[in-house]
A.B. asks: 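Have a look at this one.
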Amino acid sequence: LYRISCWFDAFATSREGWKSTLSMELQRDITQKGYEKKRAKLLARYIPLIQGVDPSLQAENRVSGSSQATATGVKQQKSRSNNSRDERFRSDVHTEAVQAALAKYKERKMPMPSKRRSVLVHSSVETYTPPDTSSASEDEGSLRRQGRITSTPFQSHSNVEPWLNRVIQGSSTSSSASSTSSHPGGKPAAASNTATVTAAATVLADLMAHTQLDNHSAPPDVTTGLVEHLHHERPQVASVRGVPRGYNSSILETADGVPVNSRVSSKIQQLLNTLKRPKRPPLKEFFVDDFEELLEVQQPDPNQPKPEGNQMNVLKGEPLGMVTNWPPSLLAALQRWGTTQPKAPCLTALDTTGKAIYTLTYGKLWSRSLKLAYTLLNRLTTKNEPLLKPGDRVALVFPNSDPVMFMVAFYGCLLAELIPVPIEVPLTRKDAGSQQIGFLLGSCGVTLALTTDACQKGLPKAQTGEVVTFKGWPRLMWFVIDGKHLAKPAKDWHPQVRDASAEIAYIEYKTSKEGSTVGITVSHASMLAHCHALTQACGYSEAETLTNVLDFKRDAGLWHGVLTSVMNRMHVISIPYALMKVNPLSWIQKVCLYKARVAVVKSRDMHWSLLAQRDQRDVSLSSLRMLLVADGANPWSISSCDAFLNVFQSRGLRPEVICPCASSSEALTVAIRRPPELGGPPPGKAVLSMNCLSFGVIRVDTEEKLSVLTVQDVGQIMPGANVCVVKVDGTPYLCKADEVGEICVNSGATGMAYFGLLGITKNVFEAIPVTAAGVPVSDQPFTRTGLLGFVGPDYLVFVVGKLDGLMTVSGRRHNADDVVATALAVEPMKFVYRGRIAVFSVTVLHDDRIVLVAEQRPDASEEDSFQWMSRVLQAVDSIHQVGVYCLALVPANTLPKAPLGGIHISETKQRFLEGALHPCNVLMCPHTCVTNLPKPRQKQPGEERSVFPSSLSVSRRMHGEGSRGSSALCMLDGFNSASCIQLHKRAERVAVALLEKGRLNVGDHVALVYPPGVDLIATFYGCLYAGCIPITVRPPHPQNLATTLPTVKMIVEVSKSACILTTQAIMKLLKSKEAAAAVDIKTWPTILDTDDMPKKKLAGIFRPASPDMLAYLDFSVSTTGILAGVKMSHAATSALCRSIKLQCELYPSRQIAICLDPYCGLGFALWCLCSVYSGHQSILVPPLELESNVSVWLSAVSQYKVRVTFCSYSVMEMCTKGLGTQTDILRMKGVNLSCVRTCMVVAEERPRITLTQSFSKLFKDLGLSARAVSTTFGCRVNVAICLQGTAGPDPTTVYVDMRALRHDRVRLVERGSPHSLPLMESGKILPGVKVIIAHTETKGPLGDSHLGEIWVSSPHNATGYYTVYGEEALHADHFTARLSFGDTQTIWARTGYLGFLRRTELTDASGERHDALYVVGSLDETLELRGMRYHPIDIETSVIRAHKSIAECAVFTWTNLLVVVVELEGSEQEALDLVALVTNVVLEEHYLIVGVVVIVDPGVIPINSRGEKQRMHLRDGFLADQLDPIYVAYNM
């Protein structure tokens, strides 16, 4: 990447000259008219909206306007092309192209991600500016600002479009219950504004076209004031989320109690504006709406360019010349020069100052290699056996600064008939790619590593003093080959110098695109043939001097500087990388000093020397006859070559000296441009259309200046080789003449195989190219080079890219290097480091997605970097017509480096995928890139009307009443236990106090604000004795009054409580100063404390006149944040107790342990009602006790030998997390759970299988039966629908297809099949309960295993919602629903939960087949996205699996954007790693694009007492900017 200076630098060739040399086949091109049309089409998308004009009217203006612009552009181009020199070859052309592309996007506003200050820099809060909608001034972190709901006037920000202001102001007064257009605040202020707002609404309509508004409590839509909100037929309970009517009305003015112009909302507004722009048309849809595997139907664009040339033929290189005294092997050449010319210089090594430190002569090389060969074979022994035998592999570990020792080691191994495997020096245990090198050494069976004394001292050591074993490496013996360690050969020992054979000579390593390292074997014969071919192609002669800047261990550095040089007795000057870093001109100085005839460099070295050349006036390059550019195959090397020639032509460099060449590790050298004196044709250049190249077609581009690729030839193919170009994928068919394909070589001078990998060897080294008719072109196998290119005029080879850098996005090919060049042309030097950009692709949702990672300069501000990133996106989009999926900036010097500079791409990719890159800035653009989502589901008018006979209405016989014996309650929180008689006496006292002190009447409502305990139960019965209606309320948390007290106040007000009963401590708290800050304490009703009540006898206990009279009110906040109270009659209360008694066999002798909150639902019934009704003893464990002693519940269960126990998911989670490692300690303390027959989790949600299973597994050691744990199901309309109970079959688990669930269908699949989701039965349906599944819309009954809403009919159904607003009519349907056909008489209650019934093969106690009820999730919680129904828990489960640092996750939607909030359990530097991982996993598994990713601290996601996530509270907190997030990423 160092070598890319700019797209095209100065080129001297004129356009006419180039055209004439190109064959006709390359000259099919786009016409002027076609060009204008294409240009207009490209530009049309980006013209910003004209204010107040309907977008549909703009369309015509756009085209005409842009075609005028185009016409002028073309005129300029024509006038330019008359210049003597083609303008396209100017060095600033690419920058100019990029700037032109960016100009189209001038006015785009993208929301900038917000970062917490601590992630940036810790500074004082005083410097915080008010929230601002502009992304430009927004690099502040979000600080908590509770209660700051002052609306910033939008007019003060000039950069927000006026129509946006009106829209936001118009919608900020809408509330979710009313449609905005009818609301006075929703009308535009003046008639003149109407057009603007309409235009906005029209634009929005595009965005919303495929997304149904989420009709379950749809949030107000901030994108427009005019979108009508539909009422849905299960309206929400009228009590407002978080605030009662008339309570702080200023908050209610905003949407859902959220200030709409908070900073977050304005950013989301910007995001929506960005997303409104139409994206590239999607491909032909990839998916069929059935659940068979996803089908990718690639429908090619009919207008895409297609190759039209003739099929190419195999190209034959010139024959290898016969040389009279050519040695029979490389070792023979070394022996000859070592004995006949011992004084001839072979290699000169330089130090980092450029001084020559040692010159190795041929005599010395020969004698030292002999010594080493002798030592290796004879002096290294293990258990009196020689350590090595011929054919063994040996690692060569030499630094880049020591070519002399490397050369001795290499030839020493060859003489000993050992196989050298040169590798890089491992510096630390965590070198990039080092583990892969270890795998290679292990697979080659390497046991010995040769190195130098200095290098061995520098390696990391273990405590024993030995070199450490690097991660993934085999155990190695390290042998130092400095002179003193070598033995003199015995007189009678002579090495066998054999003729070149097919045996392996050496193994060269190569890192593949995926990061795996393979070893390529080169035989003695190939090595000799390659030297022969290079000698002929480069015209090498004896005693020539060659300067080598490349790594001598592999590739061209090894081939020219170590092998071919010895063949021709040449003198090599080796320039170490460290010297190049200090003095980039060093190689030119050495060429000048040693009058070198040949130099081997990379374009990077030429580029570096250009930057430094001003300091040197006296260098001359006139001695050079060949300047070999080893990476000439990189399309961007041409700019370095031309710029270098421009500068150094005046210093004696002749144009024909520059010789780019192409090579690959598998095929060695493929082509070299020959100087004219060696018979090479004149060099060629091609200006190719990048768009056509992406379709694999070659077209000379004469018009479109923005996206072209200029490539130079890499000369002719090697002597003695045959070359052809074949299709990249599948069978190697020959390409057409104007088609790009993979270059394949057949010659005696290529690699033989990948060591030990037969499968891929066959594919690469034994390819048989075939014609279109399928006829093989040769009986000899060809080697695939991994180079993509074509053969041009004069049989010159052109390379346009490498297979390793190929990214195929939606069927079009893009080259990583090309994208890097575009990124660099966007003012690179200011914000990122030039050579440190990595581009690669990752596969997400069946397609490649482009990722660009760059190192950010430390002095670049957040804002600058963000701006640079957005400009790069636009430039790549314009020039390559492809979207960048993810752009990440990392801190300076953190990307993994390759051994000799440059970025280690595969390691970077690996880190990106593992979430270990730790970027400091991330921009994801899934909305632009992902065009292959399945079609949004359109509900057909007749769909789902096909209804099945209801096979399932489950009913149970009612049994007789239970007896009322004396029972006991035992509290485990330090309170005393109470028998029935004590409870009765306490209740009487409470009743007297209510009637005398409180002066209450029969039917008055009383709020009971108590901590969990016997007092709560006694006061509940006291209220019943006095004829009052009790409401149990959780007391406020003293440390968190601000959030908990308003809920208490709300319940008291909404329930119309005439009196509050509580303890003295809580009474003080309710009237304290702190409380006054949170609520109006003057409006509390009468508060009575029950701590010291006089012992008075009650005149008579109240008897209800009818069983249908109200007994108590049950208030609870749902997971969607709705406060709802339900009415429970006396009849329902006793029916509930009777059902539970029968199901759980609660005899008076039983003991049950309850670890639940006693304030609502089944928890309340078990605490306060059941033990009194059934006469058994209840051991009550308040869940709060577990915070101080996590084992208290399980110890109590064990101590009292409890058979039946109840808990909540949060209790189960505390036990698994808190006691996971302590089971042994508990066992020693005598905790034994073998007594437990049923442990039931009380829940109002889908069973959490993973949690229940891990709980069972964990406490199996304490005797807990695997069958004991089960779940219950209840909801607001009926608190106990299912309980496992003691008899009956075990709960069953089924696996359903998650994709089918999204379409409201149940499809049972096998365990472990893709997209399978396990669902556990929610316990047995209680006696007296009937359940049916009804269609959510038609209300018709559904059959076995069909998904619908669960309806329930039972004597213990609640009788209705208790609301303060007299809107009961809205919700009557919840309690008095009837089926639309079938049994239309029965009255049902609608639970609001989706589920299905399945008749199993099991039988229950009565001998009937058992019906299992499976709960899928709450309808109110579901997300309607892309026409499908998603359950948040499924998305959250995927997200939590994405990275080890994600502790918890919650999702919700806001204006049809999916927002994912993740809690980060790790260091803040990992925060940004999660953005891409979260986006990927949701795309892959749910086909949804995440709109916003919010990363927060652990514990931010609110959870209620049942352990359920409060997603709507979280949403409100997010929109009000109160979460203090670590990072918020807005996906584009």
Side-chain angles (χ1 to χ4, degrees), residues 1-3 345-361 364 396-410 422-428 431-432 450-460 480-483 545-558 560-562 565 571-596 599-616 618-619 621 630 833-836 892-893 897-904:
L1 303 181
Y2 285 98
R3 58 189 172 259
C346 168
L347 177 71
T348 298
L350 308 174
D351 63 9
T352 48
T353 61
K355 279 223 291 283
I357 41 174
Y358 186 78
T359 295
L360 179 72
T361 61
K364 275 276 182 232
L396 267 49
V397 186
F398 291 88
N400 185 259
S401 54
D402 201 343
V404 171
M405 292 304 246
F406 173 81
M407 211 158 173
V408 169
F410 190 89
I423 57 167
E424 307 305 333
V425 178
L427 297 176
T428 66
D431 278 5
L450 304 184
T451 187
T452 63
D453 199 29
C455 180
Q456 201 263 357
K457 284 183 178 142
L459 292 171
V480 173
I481 66 158
D482 295 43
T545 306
L546 175 147
T547 309
N548 178 27
V549 189
L550 307 186
D551 178 7
F552 48 75
K553 295 191 281 297
R554 51 199 295 261
D555 278 355
L558 174 69
H560 290 267
V562 175
S565 58
H571 179 196
V572 177
I573 317 295
S574 189
I575 315 272
Y577 175 66
L579 171 58
M580 283 297 290
K581 282 211 292 195
V582 180
N583 174 12
L585 271 182
S586 52
W587 70 272
I588 295 180
Q589 293 161 352
K590 297 305 163 203
V591 166
C592 183
L593 176 66
Y594 288 93
K595 301 279 183 287
V600 188
V601 298
K602 281 192 168 177
S603 46
R604 172 186 77 192
D605 309 317
M606 299 162 81
H607 177 72
W608 282 3
S609 52
L610 282 178
L611 300 178
Q613 54 89 19
R614 288 188 193 87
D615 320 334
Q616 292 287 334
D618 51 351
V619 294
L621 295 176
Y833 288 103
R834 162 166 219 100
R836 303 191 200 156
N893 286 316
K897 303 282 186 295
L900 296 182
I903 300 300
H904 201 295

A.B. asks: Is there a side-chain contact between Trp608 and Val601 in this structure, where contact means two heavy atoms from C-beta onward sitting under 4.5 Å apart?
C.D. replies: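 Result no, sub-4.5 Å side-chain heavy-atom pair not found.
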
A.B. asks: Closer than 3.5 angstrom, by distance alone: can the side chain of Asn548 be matched with the main-chain N or O of Gly561 as a donor-acceptor pair?
C.D. replies: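 Not confirmed, Asn548 side chain does not pair with Gly561 backbone.
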
A.B. asks: Between CG of Leu450 and CZ of Phe398, what distance do you get to the nearest 0.5 Å?
C.D. replies: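 Leu450 atom CG to Phe398 atom CZ measures 5.5 Å (nearest 0.5 Å).
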
A.B. asks: Side-chain contact, heavy-atom cut-off 4.5 Å: Cys455 with Val425?
C.D. replies: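 They are in contact (side-chain heavy atoms under 4.5 Å apart), so the answer is yes.
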
A.B. asks: Just so I know, are the side chains of Ile903 and Lys897 near enough to count as touching, which here means a heavy-atom distance under 4.5 Å?
C.D. replies: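 Ile903 vs Lys897: side chains touch.
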
A.B. asks: How close do Ile575 and Trp587 get, heavy atom to heavy atom, and via which atoms?
C.D. replies: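 Nearest heavy atoms, Ile575 then Trp587: CD1-CA, 3.9 Å.
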
A.B. asks: Quick one: does Val397's side chain get under 4.5 Å of Ile423's, heavy atoms only?
C.D. replies: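 Answer yes - side chains close enough.
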
A.B. asks: Gly354 and Leu350: which non-hydrogen atoms are nearest, and at how many Å?
C.D. replies: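 It is O-CD2, 3.9 Å.
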
A.B. asks: Answer yes or no: is there a side-chain heavy-atom contact under 4.5 Å between Lys590 and Thr348?
C.D. replies: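 Counting from C-beta outward, Lys590 and Thr348 never come under 4.5 Å.
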
A.B. asks: Lys595 versus Thr545: any side-chain heavy-atom pair under 4.5 Å?
C.D. replies: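 SC-SC contact between Lys595 and Thr545 ruled out.
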
A.B. asks: Look only at the side chain of Asp482 and the backbone of Asp453, and say whether a donor-acceptor pair between them is shorter than 3.5 Å.
C.D. replies: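 Yes, Asp482 side chain to Asp453 backbone: donor-acceptor pair under 3.5 Å.
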
A.B. asks: Got Ser565 and His560 here, is their nearest side-chain heavy-atom distance under 4.5 Å?
C.D. replies: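 Not touching, per the 4.5 Å side-chain cut-off.
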
A.B. asks: For a 4.5 angstrom cut-off between non-hydrogen side-chain atoms, does Thr352 reach Pro576?
C.D. replies: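 Side-chain contact under 4.5 Å: no.
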
